[in-house]
Amino acid sequence: MLGRLDRWRKARAIFVRPDGPEAERAVASAFGRNWARAAMYGRARRLLLERTPEFFLDALATAVGPLADRIRVAPEDMQQTKWDAMSRLTPLPRARAEVKALWLADELTTGEFFVEFQPLFDLKSGQIVGYEGLLRGRGRDSAARLAAEIFPAAEALQLERAFERFSWSCVLESAERLPENSLLFINVNPRLMERTENALAALGEEADRRGVAFSRLALDLVEIETLPGVPELAPALTVPRDLGAAIALDDVTSGYNTLQYCHALQPEWIKVDSELTRGIARDPRRRAILRFLGDLAREFSAALIAEGVESGEDLDVCAAEGVGVAQGYFLARPAVDPPEATAAFREWLASRPSSVQSA
């Protein structure tokens, strides 16, 4: 896979094939005389690169607009036959995503991956409930890459399954830096899970290799609201549950489908996304959604976690509406070594008469 992608770096020309008369006219308009003069290979034409492949693909996508899905492209490779190139024509949107994600291919070979931990705090006692493991990347330019960049890039490169297992391995290996027996929230993409009891066997193997008991794990089912057919996930969670793992619904932003998720999966935790909690003190509508989620959590004996909390006033609202646990920059920033509570959060705790200050 990475070898195929490397052809984009070395390409001096790109084969472009429009599918259908409308797409043909759009491409001809975009390239003008260059298109008319380009060498033809079947229905594709060979266009010389004047700048980078990324610039070429971006300019083409902009020029053809909604017809991009009807155009296929492939980089020229002097070591392959034209037949090989024609057999590897890729839809323009996918090719663009692959080329934009080539930095991840670099980091997999020459970069560095590491894990930061962000604690989750009980809002009454101030004690740390557990830690979320967050994968980071650092390339040759020393710039840090966050998970929000890394995992979409892995998907664009069609490496998402292998990369998710790699991320589990990194987080579980780094768990040795955590206090003994502390709860570890580990991200699991439900879209990549088979609907069988062996779906998370790879996670089990990685946990065994690293000596991390499943009873220490809370499986963060990320972007749960984007997933159709949530009840079908239940069999995949049977074995982790039997081994003592907890289940967390992650990135929840509304109560629309959360009732269905809770009924099907019986989670121990519901994690409310920062999209809902950030600035909630000034938004009555989002506060009403959080109140509903609090009622729902109590109905299913689940604990509500507020993610992405960045201010004391937002934390006030979360606590008032039934949130028992929170994480975010206001409480503690992610760090390689498990961080302590911020001074601001300690002050917030001290201002609450029923709190026990032990953060």
Find the distance between [atom1] ([X]) and [atom2] ([Y]) and round it off to the nearest 0.5 Å.
| X | Y | atom1 | atom2 | value |
| --- | --- | --- | --- | --- |
| F114 | E112 | CZ | CD | 6.5 Å |
| E76 | I14 | CD | CD1 | 10.0 Å |
| I150 | R145 | CD1 | CZ | 8.5 Å |
| E155 | E164 | CD | CD | 11.0 Å |
| L221 | L265 | CG | CG | 6.5 Å |
| L178 | D337 | CG | CG | 10.0 Å |

Whether the side chain of [X] engages the backbone of [Y] through a donor-acceptor N/O pair (distance < 3.5 Å, no angle test) should be reported.
| X | Y | result |
| --- | --- | --- |
| S174 | V115 | no |
| D283 | R286 | yes |
| T342 | F345 | yes |
| S182 | P179 | yes |
| D314 | A281 | yes |
| R177 | V336 | yes |
| D273 | D251 | no |
| N198 | A201 | no |
| R9 | L102 | yes |

Please list, chain by chain and in numerical order, all residues satisfying side chain to side chain contact (heavy atoms under 4.5 Å, CB included) with [X], sequence neighbours excluded.
| X | answer |
| --- | --- |
| D208 | none |
| P339 | P119, A332, A335 |
| E194 | T196, A199 |

Query raised in the report: Pairs in or reaching into residues 256-265: which pass salt bridge (charged side-chain N to carboxylate O under 4.0 Å, His left out), with residues at least two apart or in two chains?
Result: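 Qualifying pairs: none.
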Query raised in the report: With sequence neighbours left out, which residue pairs that include part of residues 54-64 fulfil the salt bridge (charged side-chain N to carboxylate O under 4.0 Å, His left out) condition?
Result: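 Salt bridge (charged side-chain N to carboxylate O under 4.0 Å, His left out) check on residues 54-64 returns E54-K100, D58-R96, D58-K100.
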Please report the closest heavy-atom contact between [X] and [Y], naming both atoms and the distance.
| X | Y | answer |
| --- | --- | --- |
| L349 | G126 | CD1-CA, 3.6 Å |
| A264 | A234 | O-CB, 4.0 Å |
| V171 | G133 | CG1-CA, 4.1 Å |
| P190 | I224 | CG-CD1, 4.3 Å |
| A297 | L304 | CB-CD1, 4.2 Å |
| A38 | R46 | CB-O, 3.3 Å |

Query raised in the report: With sequence neighbours excluded, what pairs up with D220 under the salt bridge (Lys or Arg N to Asp or Glu O under 4.0 Å) test?
Result: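 Checked D220 against salt bridge (Lys or Arg N to Asp or Glu O under 4.0 Å); matches are K271.
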**Report entry** Residues in salt bridge (Lys or Arg N to Asp or Glu O under 4.0 Å) contact with E340, at least two apart in sequence or another chain
**Finding:**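 Partners of E340 by the salt bridge (Lys or Arg N to Asp or Glu O under 4.0 Å) criterion come out as none, since no residue qualifies.
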Looking at [Y] and [X], is any side-chain nitrogen of the basic one under 4.0 Å from a carboxylate oxygen of the acidic one?
| X | Y | result |
| --- | --- | --- |
| R70 | E22 | yes |
| R138 | E107 | no |
| R241 | E268 | yes |
| R94 | D69 | no |

Query raised in the report: When clusters are formed by joining ILVMFWY residues with side-chain heavy atoms under 4.5 Å apart, either directly or through shared neighbours, do L159 and W103 land in the same one?
Result: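 Hydrophobic grouping puts L159 with W103.
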Query raised in the report: Is there a path from F117 to F166 through hydrophobic residues (I, L, V, M, F, W, Y) whose side chains come within less than 4.5 Å of each other?
Result: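 Linked within one cluster.
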Is any side-chain heavy atom of [X] closer than 4.5 Å to a side-chain heavy atom of [Y]?
| X | Y | answer |
| --- | --- | --- |
| I71 | D19 | no |
| I270 | Y261 | no |
| V272 | I305 | no |
| L172 | L184 | yes |
| R88 | P75 | no |
| L135 | F113 | yes |
| V188 | M193 | yes |
| R287 | V317 | yes |

For [X] and [Y], which I'm curious about, is there any donor-acceptor pair between the side chains at under 3.5 Å?
| X | Y | answer |
| --- | --- | --- |
| Q327 | Q118 | yes |
| W168 | N187 | no |
| T90 | E98 | no |

Query raised in the report: Who passes side chain to side chain donor-acceptor pair (under 3.5 Å) against R209, sequence neighbours left out?
Result: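 Residues passing side chain to side chain donor-acceptor pair (under 3.5 Å) with R209: E206.
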Requested in this report: For the pair L48 and E50, evaluate side-chain contact (heavy atoms from CB on, under 4.5 Å) and give the outcome as yes or no after the intermediate values.
Outcome: CA-CA 6 Å; L48 291 173; E50 297 178 357; 5.7 Å; no
Requested in this report: Carefully, step by step, assess V99 and L57 under the rule side-chain contact (heavy atoms from CB on, under 4.5 Å).
Outcome: CA-CA 9 Å; V99 171; L57 297 177; 3.7 Å; yes
Query raised in the report: L89 and V16: side-chain contact (heavy atoms from CB on, under 4.5 Å), yes or no, with the steps?
Result: CA-CA 8 Å; L89 286 164; V16 179; over 6 Å; no
Query raised in the report: According to the ring-ring contact (aromatic ring centres under 6.0 Å, His included) rule, which pairs have a member within residues 29-52, sequence neighbours left out?
Result: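 Qualifying pairs, neighbours excluded: F15-Y41, F31-F56.
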**Report entry** Pairwise ring-ring contact (aromatic ring centres under 6.0 Å, His included) hits with a residue in residues 130-160, at least two apart
**Finding:**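 Qualifying pairs: F151-F163.
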Query raised in the report: Among all residues two or more places apart in sequence or in another chain, which pass the ring pair (Phe, Tyr, Trp, His ring centres under 6.0 Å) test with W269?
Result: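 Partners of W269 under the ring pair (Phe, Tyr, Trp, His ring centres under 6.0 Å) test: F185.
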Query raised in the report: Hey, mind stepping through L123 and V325 against side-chain contact (heavy atoms from CB on, under 4.5 Å) and telling me if it holds?
Result: CA-CA 6 Å; L123 296 185; V325 178; 5.8 Å; no
Query raised in the report: In this structure, are over 12 heavy atoms from other groups packed under 6.0 Å from E275 atom CD?
Result: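 It does not: E275 CD has 12 such atoms or fewer within range.
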Query - Listed once per pair and sorted, the side chain to side chain donor-acceptor pair (under 3.5 Å) pairs that draw on residues 290-303, sequence neighbours left out - result: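 Counting only pairs at least two positions apart or across chains, the side chain to side chain donor-acceptor pair (under 3.5 Å) contacts touching residues 290-303 are R291-E321, D295-R298.
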